[in-house]
Visitor: 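Mind looking over this structure? Questions follow.
Letters go in sequence order (proteins before strands), and every chain restarts at 1.
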Amino acid sequence: MAMTLAMQAIKSRHKLLGSTWFARPALLLAPELIGKILVRKLPAGFQPRGSFQAGGSKPEASPAGIFRYRITEVEAYCGVQDLGCHASHGHTKRTEIMFGPAGYIYVYLIYGMYHCLNLVTAKSGEAEAVLIRSVEPLFGTNQKPVGPGRLCRELNIDNQLNCLKLGRTSGLWVEDDGYKLKPGEVCQSARRGIDYAKDYASKPWRFYLSTSEFVS
DNA sequence: GGCTCGATCTTG
DNA sequence: AAGATCGAGCCC
């Protein structure tokens, strides 16, 4: 399919968000990630399982293999003092990436069968990250990649991406297309699945788009 | 080396 | 409501 002028215009407005953008506290960054675009470049032959060409039933054949998703739900994990954060146990092999500079990918295996995608934020030594919980596909699809485990399965995200830097090289990055949220559209709640985190379990550090169906 | 448990999802 | 499934973290 030929690239139209309108498509190019929209594409050129997309701004790749780099390390500097991510080098802020997770609590500030998490709500700002809502409405941004998660971009996944899949290897040749791979594609999201439910994708299809708009108006048809055939799988989408994107030559570039690039798929975009609006981020609809995230959680902030805020360093060693946050008992819900993996880094609360200090420097370990698994959490070392969180102590590093912002803009890196932290993927871990959960329950032996699912992966969770996190983006490292804040400055080196702070061990903060944002968990991407749900996204809304910006292309035709039958799948609803709702929930962190299903999201990673849909986007083919696993340990191979762990510790890589966000960007075209790793095949995973974040863009800002200028999409503006309405005031009050981002809601907050307690984070999921961290009952063990004592007084941090009830912190309202989950952020989600109240107007989206793509929320877990 | 062995034990425990989890930032989940599916099935019944 | 419970099972799948495996590696990190921790304690021998």
Side-chain angles (χ1 to χ4, degrees), chain A residues 22 24-34 36 38 40 48-51 69 71-100 102-122 126-137 141-164 166 172 174 186-210 212-216:
Chain A
F22 286 93
R24 291 176 286 152
L27 262 182
L28 294 181
L29 195 122
E32 289 199 26
L33 264 177
I34 302 294
K36 297 298 187 290
L38 184 67
R40 182 73 171 117
R49 307 198 310 170
S51 62
Y69 303 80
I71 298 173
T72 56
E73 181 184 353
V74 302
E75 284 176 1
Y77 286 86
C78 306
V80 294
Q81 74 280 10
D82 175 6
L83 296 180
C85 182
H86 289 171
S88 62
H89 297 294
H91 289 258
T92 67
K93 185 182 177 189
R94 182 169 69 155
T95 62
E96 197 56 39
I97 184 65
M98 278 201 282
F99 286 88
Y104 281 78
I105 300 164
Y106 169 41
V107 176
Y108 66 89
L109 181 68
I110 184 91
Y111 300 109
M113 40 193 349
Y114 296 103
H115 295 273
C116 287
L117 168 66
N118 299 258
L119 309 180
V120 176
T121 79
E126 294 295 332
E128 302 195 8
V130 174
L131 168 71
I132 309 296
R133 288 189 60 90
S134 280
V135 296
E136 180 171 339
T141 178
N142 295 320
Q143 300 289 115
K144 286 186 70 167
V146 171
R150 294 172 66 176
L151 163 69
C152 286
R153 195 179 57 186
E154 179 70 9
L155 303 204
N156 201 37
I157 290 169
D158 60 21
N159 288 338
Q160 291 186 348
L161 280 170
N162 191 33
C163 297
L164 298 184
L166 284 170
L172 186 71
V174 179
V186 176
C187 294
Q188 284 180 256
S189 81
R191 296 171 294 179
R192 304 293 311 269
I194 54 162
D195 293 344
Y196 56 83
K198 299 184 178 168
D199 47 326
Y200 282 86
S202 57
K203 303 272 186 198
W205 292 350
R206 168 175 172 259
F207 300 86
Y208 61 99
L209 199 50
S210 59
S212 176
E213 297 175 30
F214 293 81
V215 166
S216 62

Visitor: In terms of side-chain geometry, is the basic nitrogen of A:R192 or A:E75 positioned less than 4.0 Å from the acidic oxygen of its partner?
Guide: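 Looking at A:E75 together with A:R192, the answer is no, because their closest N to O distance does not fall below 4.0 Å.
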Visitor: Counting only heavy atoms not in A:E213, do more than 12 sit closer than 6.0 Å to its CD atom?
Guide: no
Visitor: Atom CD of residue position A:Q143 - does it have more than 12 heavy atoms of other residues, nucleotides or ligands inside 6.0 Å?
Guide: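 Yes, the 6.0 Å shell around CD holds more than 12 heavy atoms from other groups.
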Visitor: Here's a test of your reading of the structure: between A:R153 and A:Y196, which maps to the more 5' nucleotide of DNA chain B?
Guide: A:Y196
Visitor: Given atom CZ of A:F207 and atom C1' of B:dA7, what is their separation to the nearest angstrom?
Guide: 15 Å
Visitor: Given Watson-Crick or G-U pairs with both distances under 3.5 Å, what dot-bracket string fits DNA chain B, with | for other-strand pairs and [ ] for crossing?
Guide: ||||||.||||.
Visitor: Using a heavy-atom cut-off of under 4.0 Å over every strand shown, decide if A:R191 touches base, sugar-phosphate, or nothing.
Guide: nothing
Visitor: Can you see if the side chain of A:T92 gets near the phosphate of C:dG9 - specifically, an N or O under 4.0 Å from OP1 or OP2?
Guide: yes
Visitor: Please report the closest heavy-atom contact between A:L109 and A:H115, naming both atoms and the distance.
Guide: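 That closest heavy-atom pairing would be CD1-CE1, 3.8 Å.
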Visitor: Atom NE2 of A:H115 and atom C1' of B:dC9: how far apart are they, to the nearest Å?
Guide: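 Nearest whole value for this atom pair: 14 Å.
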Visitor: Measure from CG on A:D195 to P on B:dT8 and round the result to the nearest Å.
Guide: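 Going from CG in A:D195 over to P in B:dT8 covers 10 Å.
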Visitor: Check for a donor-acceptor pair, side chain of A:T92 on one end and backbone N or O of A:T95 on the other, with a separation under 3.5 Å.
Guide: yes
Visitor: Base, sugar-phosphate alone, or nothing: which one does A:G193 contact when heavy atoms must sit under 4.0 Å apart?
Guide: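 Touches sugar-phosphate only.
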Visitor: Measure up the A:Y106 and A:H86 rings against each other and bin them: parallel (under 30°), tilted (30 to 60°), perpendicular (over 60°).
Guide: perpendicular
Visitor: Starting from P on B:dT10, measure out to NZ on A:K144 and report it in whole angstrom.
Guide: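 Distance check: A:K144 NZ to B:dT10 P gives 12 Å.
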Visitor: For A:N159 and C:dA8, what is the distance between atoms CG and C1' respectively, to the nearest whole Å?
Guide: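 Interatomic distance, CG of A:N159 to C1' of C:dA8: 11 Å.
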Visitor: A:N118 CG to C:dA8 P: how many Å, rounded?
Guide: 15 Å
Visitor: Taking OP1 and OP2 of B:dA7, is either one under 4.0 Å from a side-chain nitrogen or oxygen of A:R206?
Guide: no
Visitor: Measure from NZ or CZ of A:R191 to the centre of the six-membered ring of A:Y77 and say whether it is under 6.0 Å with the direction within 45° of the ring axis.
Guide: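 Yes - A:R191 lies over the ring of A:Y77, closer than 6.0 Å to its centre and within 45° of its axis.
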Visitor: Just the table, please: protein N/O against nucleotides 1-5 of chain C N/O, every pair under 3.5 Å.
Guide:
| from | atom 1 | to | atom 2 | distance (Å) |
| --- | --- | --- | --- | --- |
| C:dT5 | O2 | A:Y111 | O | 2.3 |

Visitor: If you only use heavy atoms from C-beta on, which nucleotide in B:dA7, C:dG9, C:dC6 is closest to the side chain of A:R133?
Guide: B:dA7
Visitor: Report yes or no: is there a donor-acceptor pair, N or O only, under 3.5 Å between the side chain of A:Y108 and the base of B:dA7?
Guide: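 Flag set: donor-acceptor pair detected.
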Visitor: Output yes when a side-chain donor or acceptor of A:S88 lies under 3.5 Å from a complementary backbone atom of A:V80, and no otherwise.
Guide: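 No: the side chain of A:S88 does not pair with the backbone of A:V80.
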Visitor: Check whether the side chain of A:H89 and the base of C:dA8 form a donor-acceptor pair under 3.5 Å.
Guide: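 Flag unset: no donor-acceptor pair detected.
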Visitor: Measure from the side-chain heavy atoms of A:L109 and tell me the nearest of C:dC6, C:dA8, B:dT8.
Guide: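 So the side chain of A:L109 is nearest to C:dC6.
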Visitor: Where the side chain of A:R40 meets the backbone of A:N156, is there a donor-acceptor pair that is under 3.5 Å apart?
Guide: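 Yes.
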Visitor: If only atom types and distance count, is the side chain of A:T72 paired as donor or acceptor with the main-chain N or O of A:L209 below 3.5 Å?
Guide: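 Flag not set: sc A:T72 to bb A:L209 has no pair under 3.5 Å.
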Visitor: Can you tell me how far C1' of C:dG7 sits from CD of A:Q160, to the nearest Å?
Guide: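 Atom-to-atom, A:Q160 to C:dG7, this comes out as 17 Å.
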Visitor: Starting at CG of A:N162 and ending at C1' of C:dC6, how long is that distance when rounded to a whole Å?
Guide: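 Between C1' of C:dC6 and CG of A:N162: 16 Å.
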